[in-house]
Each structure stands twice: as C-alpha cells, then as structure tokens.
Enquirer: 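If you scroll down you'll find the structure; I have some questions about it.
One-based numbering along the sequence shown. Ligands are counted one by one from 1 in listed order, and the atoms in each one are counted from 1 as well. Nothing here was measured: the structure is a model prediction, and the numbers come from that model.
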Amino acid sequence: ARTPAAPEVELPATPLEWIEPFVGSERTETVRDTLHGVRDLLDGRTVWHISDNPVRGGVAELLRADLPYLAGEGISTRWTTLDAPPEFRAFTKSLYYRLCGVAPGADTADLERGRRMYERICAENAARLVPAMDRRSIVVVHDHQTAGLIPHLRAAGCTVLWRAHIGTPLQEDLAARGWDFLHRYISCAHCHITSCAGVLPAGPEPVDRRVLQPSIDPLSPKNIPLHPGTDPSRLLAAAGLIEGERGAPPGRYALTDLLVRRPAHVVRDGGPAPAGAPLVTQVSRWDRVKDIPGVIRGFAEYVDPALDAHLLLVGPETRGDRQAERVFAECRQVWAGLGRRGRRVHLVQVPTANPSEHALTVNAIQRRSAVVIQKSLAEGFGLTVSEAAWKGRPVVAAPVGGIREQVEHGTTGLLLSDPRDLRGLGEAVNRLLSDRGYAEELGRNGHRRVLRRFLTDSSVLGFARVLLDAAQ
Ligand code: UDP
C-alpha cells in the first residue's frame, strides 16, 4: 500500500515582525528588503518546494519554519511532498546510507536494479505536479528522494535548484557509488545547494554551487519558551518519562498559550527515570546515521554511574515506517543486552499524530536535559544541535559536516575527536555532569551563537539571495 496521497502542505503566511523581538530591527529590515527585491523580480512566479515527506526529519522542520516567512512577504510559495510506495522508501533509505558513507547499504547492482522503480515513481510524481506549475516556476527539489524529478522539471521549462541536506560522508569510497547513481539527475539542475562544504564530489559540470546553513525558528512549538513558572519536569512526568504524577496537567507554554491537556503517551523501554536524575538526551530519527547504538554503548560503558545520570534516546513513533521500526528494534536489542546497566537507559517514541504536541514534548525534553548529545556519523547540519543550544543546553557532538560549524569546541559545546569515539563521548558527558558551572557557560555561549548565526532570519536571507540569482 502507498502512503496516503501526498498532499500539498498548507503554509500560513507569517509576518516577519514576529521574529523582530529576537533578532532586532536591523536584521529584520535586511531580510525584508531582500525579500521585497525577490518578490518584485519574481513578478508573480511561484517558488515550489518538493521534499520527501511533510513531517519527519530536519527538511520538514526547516521548510515548516522558513516558508511561512517568505509567504508572509508576498512571495508565492508552495510545498508538496512525494507520493511513494514502501519499496521506494526502502530504496531511498539505502541510497541515503550510501551517500552518507556509513554502511554498504545497497551494493551497486542493487542500486542499478532499483533505478527503474526509482525513475518510475519520480516520473509519476512529476506527471502529477508539472501540470500545476507554469514554466516560469522556480522549483527547489530537496535531497536524493526527489532528485529523479529534476529532468522532468527541466523539460517542462522550470528553473530547478537541487538542495541537498546530506552531510559529508563518513567514508568517501562508499558514498561515491551513491553519487554515481544520482549524477544523471542532479547534473540537470541549475544550481546545487548544500548545508556545508565538501558534500558534493568534484564534477566537470558547470553547475552553480552554494552553501546555505539551515536555522531554527524561535517561535515554533519546538523552540518557544515555556510559560514562566512552568517546569518542564511536569510535562515529562505527565508523559511518564520521569517519575512524578502521571497524567497531571503539565502546564502552559508561552506565546501560543497552548495547554497540553493530554500529554503525548510515549512508548518507552526502561521505565521512567527517577524524578531528580540528570538527563542526557539524544533526539533523532531512528536512523543508522544517528548511531543510536553507539550512544547507548558509550553511555553504558563510560559515563560514571556515580553521577546518577539517565540516558534518553528520543525519536518519533515508528508505526508505519518500516525502516525506522528496524532501527528501533536494533537499538532495543543493544539496550536489552545491557542487563542491569539498562536501567539508566530509556528508549522513547513520541507520538506524531499531533505535530504541535509532539514538538512541545520534544521542546520540554530538551529543556529538561543536563546534556544533549548528537553523535551522528554524517550530518549536513544538525537542527537538534541548534535547538539544544538555543535552550541553553551544553552539547556533546560528533565532528561531522555542518556540526563542526555549529559547535565551537570548548566554547559552546564539546566535539568528539572522532564520530566513533565512545570513550570520548563518555568522558565529555562526565565532564559536563560534574562541572555544572562549565556546562552552564557552554550553554549560554551556545545560545548566543545560535542567536547570532542560526535563527530563521539568517536562513531566509540566504535563501532569498539564492532566489535573487535564480529569478534573473
Ligand atoms: N525531531 C522531532 N522528533 C523526534 C526526533 C527528531 O521533532 O522524535 C526533530 C528534531 O527536533 C529536529 C529534526 O527532527 O528538528 C531533525 O533534524 P536534524 O537536522 O537534527 O536531523 P535530520 O532528521 O534532518 O537528519
């Protein structure tokens, strides 16, 4: 069965003034002026975005955050997602692992065997979408799943920008086959945009290349401040993640003034953490690139039990997502093998049926964490790293892709010497848990760095500048 026909994502128009209290009038004016320049140049042309899905992962988070501000300044903006069967998702997942250079994934023969199916699904989606576009449209095609649409969009006369959110690969030789597979599609685009340098292999095509760093929205349910006086522990207790009064009203959130009456019922292994325990958290999709088993092992083997910390591995509900179910089962197996040490480790699936409630639950978990980990093996840009830093949390992260730009080692967080360094992970966590003053200082500096460089206005401005060129 196919996933339900992928609908267009409804985009509200958000006035730019809303972020002015965070970023100030000068920055807001710069973005507004640039967007108005783009609007005039576009002269009614629509900017389309096509991505894999409307809810899961950083691309959905970023588009949901940025696009309403473009719409809010009068730029005709539409976002649609793929209609694809499970075998397409399985194929693009193994292609993704290949591009990240983290696992053999599919061998080349498998990639070639999958090509016909990949091209068929992309052609079907193009046939559905192209009639709704006009040939003056600018289309931003996100990541490898949608790259196969590029030749169709070009043939229809659109200007096509391919935006890759993938990171620099862990092992280049593994990634090379994945790039060989994609080459014939992405070489048709007018421009390639990546989140950090060094992602794309050197190629002979004269395709324009840009680097655009993603950002986070301080006003999204993921990042808004809690209502003054609301303790995130209450929400975690109400959701059954830490000991406390289960089912008690968790409190209010500022700005949306949303009262979460029925906290997300989480699926978790490992029971609730003790009420006062320091929490060490990684929030990520259930994906091998996030190396969740490595986080579990590093924590169990190297974090000092005397510090009484508990590890929370937080991800979305896996139901209906076979690849995620498989990775979750792998993580659960590693957890089960820990024996008694597993009592300090908790696997958490947060329901996704209500996106705002999901985001608010993750927001509270991040705020309640003493340390936030992001031990990815490859990453274009880790939104979770910026989300944690924005909330003043110290971060321990792998030195990969865009994360190297996001975290200033020793100033805003701690970078491992190698993404596979489990001992280093444990030592960094021990250091932050035992020196609270240092941890707080890193958190404060991290917040300032996000404010300076990684809030919505920065990525909207960067994208507006790309559009200025594309619309010429
Ligand atoms: N996320 C979430 N719920 C989860 C796991 C992740 O809302 O259970 C969000 C996370 O907060 C972040 C995004 O998904 O906003 C992940 O983006 P990131 O750049 O860290 O990684 P990606 O998923 O794009 O590889």
Enquirer: So His142 and His49, would you call those rings parallel, tilted or perpendicular, with 30° and 60° as cut-offs?
Expert: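 The rings of His142 and His49 lie parallel, inter-plane angle below 30°.
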
Enquirer: If you measure from the Lys or Arg side-chain nitrogens to the Asp or Glu carboxylate oxygens, is any gap between Lys222 and Asp217 under 4.0 Å?
Expert: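 Salt bridge between Lys222 and Asp217, a charged N being under 4.0 Å from a carboxylate O: no.
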
Enquirer: Anything with a heavy atom under 4.0 Å from ligand 1 counts, so go ahead and list those protein residues by chain and number.
Expert: Gly57, Gly58, Glu61, Lys222, Val283, Ser284, Arg285, Lys290, Gly315, Pro316, His358, Val362, Glu379, Phe381, Gly382, Leu383, Thr384, Glu387

Enquirer: Look at Lys290 together with Glu379 and state whether they make a salt bridge at an N to O cut-off of under 4.0 Å.
Expert: yes

Enquirer: So does Arg56 pair up with Asp321, basic N to acidic O under 4.0 Å?
Expert: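 Looking at Arg56 and Asp321, the cut-off is met.
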
Enquirer: Can you tell me which residue among Thr456, Asp457, Val23 is in a side-chain contact (heavy atoms from CB on, under 4.5 Å) with Val31?
Expert: Asp457

Enquirer: Taking the inter-plane angle between the rings of Phe181 and Tyr118 on a 0 to 90° scale, is it parallel (under 30°), tilted (30 to 60°) or perpendicular (over 60°)?
Expert: perpendicular

